[in-house]
Amino acid sequence: MTRKQPFKKPIYVTRPLLPDLDKFNQKLQEIWNSQWLTNNGKQHLELEHKLQQILKIPYLSLFNNGTIALIVGCQSLRLSGEVITTPFTFPGTPHVLTWNNIKPIFCDIDPVTMNIDANKIESMITPQTTAILGVHVYGTPCNVIKIQEIADKYGLKVIYDAAHAFGVEINGVGIGNFGDLSMMSFHATKLFHTAEGGALLFRDHNLKARVELLKNFGIKNEEEVVMPGINGKMNEIQAALGIVLLDYIEQERYQRQQLVETYRRYLKYVTGISLMPEISGVISSYQYFVIRIEQELFGCDRDYVHKQLKEYNVFTRKYFYPLCSDYPHYKYLPSSSSTNLLVANQVAKQVLSLPLYGSLNVDDVERICEMIIEIKG
Ligand SMILES: *Cc1c(COP(=O)(O)O)cnc(C)c1O
């Protein structure tokens, strides 16, 4: 059998969306003219307002990155003690708890959505628990209804790491409306970005003033500093990049949707491969396209496919592997034991994130699928 030719140029898992440079230059000219570079300038206000509408959320506060946003989010809700979260996430999620002097308690994940398993949360609650921190992994929403029910029953706060969930809606409701607050990341690798950046999304009017103070050193006015805040401000250049990029998001999403449909068509019936769930009523973020490879059925394991694809010049990512509960800082926590995290340990060995970005062609995706099938042999 003749093997497929490798791609001439490397295909990476993602590429940052970049606007037409002239359009960005025009914005830079505006900023230069205004001589206002940060602290709630014109670009900042405009981006905040536009995102509020696009994401269908009453309150949105911009940040210099998603991690600082989530650190401030925990502070704004005065979380302490223990917070129940998922080990199947980016390192930033549990680290934010650690930076708040909060102990992360890892809960196992749902085998289908790969998000925190709402049915297992209750058994992890102790008198120290103050909140549940869910992650909408790959943009798939957590079981937001069940999680809120548990939180209400025990008087807990609910926060979401919605870094993957830009534009996700459940039956027309913006994803940021669930829980007490949600964080979004606008890092360069995210669908919508400001090179580095992020936001907190929430509905409670009372939270707004506290979040604004916390992200600007607690400075209330020239003479009053009312709390120990941090510097979480997004600057005008970041905000301007975001404003310009907003004009490209719909097109990018459309192109990614075509690619995802191609992946699905080709890989749906391949024995040993399972695809990310499609949930009715949910608008997807098209942030990642992730498959799971079951070694027993597929014939070889995820690591082998990952390595072989490199031979074809295709660079996939084992996203999320290893689990956060296996990092040196967390692995001795009782909740990190592999018996507590059976599903998460299995899923982490199976997942492979495939290339997905708007400038990739449908032909390229077809070729990547054929390569995967060829590796299966
Ligand atoms: C990107 C990401 C973050 C971190 O966001 P930054 O803006 O890079 O600080 C946190 N959690 C998840 C799930 C992410 O993907």
Side-chain angles (χ1 to χ4, degrees), residues 12-17 47 51 55 60-75 83 85-100 102 104 106-107 109-110 113-116 131-142 158-168 175-176 178-179 181-201 214-215 230-235 237-239 241-242 245 276 284-290 317-325 327 330 344 347-348 351 353 356-357:
Y12 296 109
V13 78
T14 192
R15 286 188 134 183
L17 182 58
L47 182 61
L51 286 175
L55 301 173
L60 185 146
S61 185
L62 292 172
F63 280 81
N64 47 7
N65 63 61
T67 304
I68 297 284
L70 199 53
I71 287 177
V72 167
C74 293
Q75 293 266 325
V83 169
T85 190
T86 170
F88 190 67
T89 183
F90 184 74
T93 317
H95 288 353
V96 158
L97 299 175
T98 303
W99 277 68
N100 274 292
I102 293 167
F106 293 115
C107 178
I109 61 172
D110 179 280
T113 64
M114 297 176 262
N115 290 326
I116 190 167
I132 301 162
L133 167 53
V135 181
H136 304 302
V137 174
Y138 316 136
T140 306
C142 291
V158 177
I159 47 180
Y160 287 110
D161 177 337
H164 297 175
F166 188 87
V168 171
I175 192 75
F178 300 95
L181 57 78
S182 299
M183 174 274 274
M184 280 195 186
S185 165
F186 305 146
H187 182 259
T189 54
K190 306 302 199 286
L191 175 83
F192 168 78
H193 72 89
T194 56
E196 292 272 5
L200 286 180
L201 289 70
L214 281 169
K215 81 172 189 195
I230 199 167
N231 183 356
K233 291 176 271 99
M234 178 181 280
N235 68 49
I237 299 174
Q238 288 172 290
L241 180 58
L245 270 181
M276 281 167 57
S284 170
S285 64
Y286 300 108
Q287 171 68 57
Y288 297 103
F289 188 75
V290 175
R317 291 275 314 275
K318 303 176 195 178
Y319 203 54
F320 298 104
Y321 174 87
L323 294 174
C324 296
S325 47
Y327 301 162
Y330 302 116
V347 168
V351 282
S353 183
L356 184 65
Y357 48 88

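All ligand and atom numbering here is 1-based and tracks the order in the structure. Scope of the values below: all heavy atoms of this structure, side chains included, with no hydrogens, waters or symmetry mates. Starting from 1, each residue takes its place in the sequence as its number.
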Among T86, V135, T67, closest by any non-hydrogen atom to atom 4 (C) of ligand 1: T67

Distance from atom 14 (C) of ligand 1 to nearest protein heavy atom, with residue and atom: A163 CB, 3.3 Å

contact_flag G66 ligand 1 heavy-atom lt 4.0 Å: yes

Identity and distance of the protein heavy atom lying nearest atom 15 (O) of ligand 1: H164 NE2, 2.9 Å

Y319 contact mode with ligand 1 (heavy-atom cut-off under 4.0 Å): side chain

Geometric class of the Y160/H136 ring pair [parallel <30°, tilted 30-60°, perpendicular >60°]: parallel

Identity and separation of the nearest protein heavy atom to atom 10 (C) of ligand 1: D161 OD2, 3.5 Å

Among P91, S185, G197, closest by any non-hydrogen atom to atom 5 (O) of ligand 1: S185

Nearest-contact summary for atom 3 (C) of ligand 1 - protein heavy atom, Å: F90 CD2, 3.6 Å

Pair F320 + H164: ring centers closer than 6.0 Å: yes

Side-chain donor-acceptor contact under 3.5 Å, Y330 with T98: yes

Numbering as shown, the atoms of ligand 1 that approach M183 to under 4.0 Å (heavy-atom distance): 10 (C)

Nearest candidate to atom 2 (C) of ligand 1, where distance is taken over non-hydrogen atoms, out of H187, Q287, K190: K190

Parallel, tilted or perpendicular: ring planes of F192 versus F166, cut at 30 and 60 degrees: parallel

Under 3.5 Å: donor-acceptor pair, side chain of N115, backbone of P141: yes

M114 to V137 - nearest heavy-atom pair and separation: O-CG2, 3.9 Å

Aromatic ring pairing Y138/Y319, orientation class (parallel under 30°, perpendicular over 60°, tilted between): tilted

